[in-house]
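Below: the structure, in structure tokens.
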Amino acid sequence: MEIETPHFKENARAALADEQLQRALAGLPGGLVAQRAAARARLPEFDTLRDIGRDLRNETLELLDTYLEIYEKNATAAGAHVHWAQTAEEARAIIVELCRAEGARLVTKGKSMISEEIGLNDALEEAGMEVVETDLGEYILQIRGETPSHIIAPAIHLTQEQVERDFRRVHRDLPEARNLVEPADLVGEARKVLRQKFLAADVGITGANFLIAETGSSVIVTNEGNGDLTQSLARVHIVITSIDKVLATREDLATILRLLARSATGQECTTYATLSTGPRRPGDVDGPEAYHVVLLDNGRAELLGTKFREVLRCIRCGACMNHCPVYSAVGGHSYGWVYPGPIGSVLTPALIGIEKGASLPNASTFCGRCEAVCPMRIPLPKLMRYWREADFEAGQPPLTQRTALAAWAALAKRPRLYHMMTRFAAAGLGAFGHRRGRFGWLPLTGGWTRHRDLAAPQGRTFQQLWTETQRGVAR
Ligand code: SF4
């Protein structure tokens, strides 16, 4: 899969100029953001629940190897085949081989960010299989040849009119004059097309939102029910997930699900939360004949011993990106890889290396909204700052930026000189800019003034005002 994160700035510029994308993104504040706020308001203990959820995830991650072993033991006892993959290549190879061994020609897939991470569809198609995404958003993206732009609403960058055009272009065997004006018409059409695929599939592949150690179960959480049809109608069910998804007990799951649904879509609980434990048993009315779980590491174990370990608590709710002013302006594709928004700005450099992902921790205003809404209380701005430091220490930023930062650091270590210089700068800029009250251009500030004006300082620095207030002589 091509990794294009170094082009964040160019991607963002194109996204800002894309009127259709801007129309689609305009729905975020009134949609997912408002729904979360309403759900949070209905649950007074929401913040206490966040503390509990954070602690539960920390406890499991602290003993991750133990919980994974318990999970494997219990899953195997229930008839599952558990496969361990250290890298994306290994995971792809295992899944392709499993599908080949089953003689699979048609593979249905539920939504899975890990499958995006390892580029699974391309690998299966190269091996001669037809792959069909069954989540509505993912299906739309598949027929457009695009990747997801959001982790829970993959097609959020599209408008309804675009989807209608795509359905008319692809579903050519349906009557030309059919009505596709209402969202329900589009959903109905996708349902009809996908139903044939569910029934004909040889292998169904899903992700897992969580794994439960005490029962050896995998858990998927959906609103469409497509994941359930994917995993129960095909002969073989393959789960692809990462090692950080394990929870200790079903009780822990119940707590985390309360946070996930509210943070993601503002629901009290998601429509379907399905636990799968092994293949179909004698007497079961449905379920696959074989059940495989592929557990991917891909750099996560290494994160455990570092200051980035907190990112592993993530439950992929998407709240951080919904509330991020940068994501809301440029959408998910600007980030150039699988995980967009603040979580992507922390996780992506960890998975692909800071050399390739350096632009992402810089794609933030550091306003702190992501941390404020994160149900797992992940300190995303702090972790992005760590990446910026790593980037700086690796000598990657341009010379001008490094020189400016070195000069600022030298000044900041000398408070008297720093205060004198800032007083001088504020007074000078205040005098220059007092007539218009703002600057449309200033040397070295092109990144800011290209898109907006810079407010002229009022003439005195914060420290001056603060000192005067303390002395009781504020004017
Ligand atoms: S970082 Fe937090 S808010 Fe963002 S997706 Fe993960 S759990 Fe949700």
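We count ligands from 1, going down the list as the structure has it; atoms in each ligand are counted the same way. Below, each value reflects all heavy atoms present in this structure, side chains not excepted, and no hydrogens, waters or symmetry copies. As the structure is a computational prediction, the values presented were derived from the model and not from experiment.
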Heavy-atom nearest neighbour in the protein, as seen from atom 7 (S) of ligand 1, with distance rounded to 0.1 Å:
Ile315 N, 3.5 Å
Taking atom NZ of Lys307 as the centre, does the number of heavy atoms from other residues, nucleotides or ligands within less than 6.0 Å exceed 12?
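Yes, the 6.0 Å shell around NZ holds more than 12 heavy atoms from other groups.
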Inspect the surroundings of CZ in Arg195 and state if more than 12 heavy atoms from other residues, nucleotides or ligands are less than 6.0 Å away.
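No, not enclosed.
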Distance filter under 2.8 Å, centred on atom 4 (Fe) of ligand 1 - protein N, O or S atoms that pass it
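You should have found Cys320 SG.
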Determine all donor-acceptor pairs shorter than 3.5 Å in which one atom belongs to a side chain in residues 371-378; sequence neighbours excluded.
residue	atom	partner	partner atom	Å
Arg377	NE	Asp51	OD1	2.6
Arg377	NH2	Asp47	O	3.3
Arg377	NH2	Asp51	OD1	3.4

Side chain to side chain donor-acceptor pair (under 3.5 Å) partners of residues 290-299, not counting sequence neighbours, each pair once
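Residue pairs with at least one partner in residues 290-299: His83-His292, Glu117-Asn298, Ser218-Tyr291.
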Indicate the ring-plane relationship of Tyr386 and Phe308, choosing parallel, tilted or perpendicular according to the 30° and 60° boundaries.
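Correct class here is perpendicular.
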Side-chain donor-acceptor contacts of residues 229-239 below 3.5 Å, not counting sequence neighbours, with atom names and distances?
residue	atom	partner	partner atom	Å
Thr230	OG1	Thr134	OG1	3.1
Thr230	OG1	Asn226	O	2.7
Gln231	NE2	Ser276	OG	2.8
Ser232	OG	Asp228	O	2.5
Arg235	NH1	Asp202	OD1	3.4
Arg235	NH2	Glu102	O	2.9
His237	NE2	Thr206	OG1	2.8

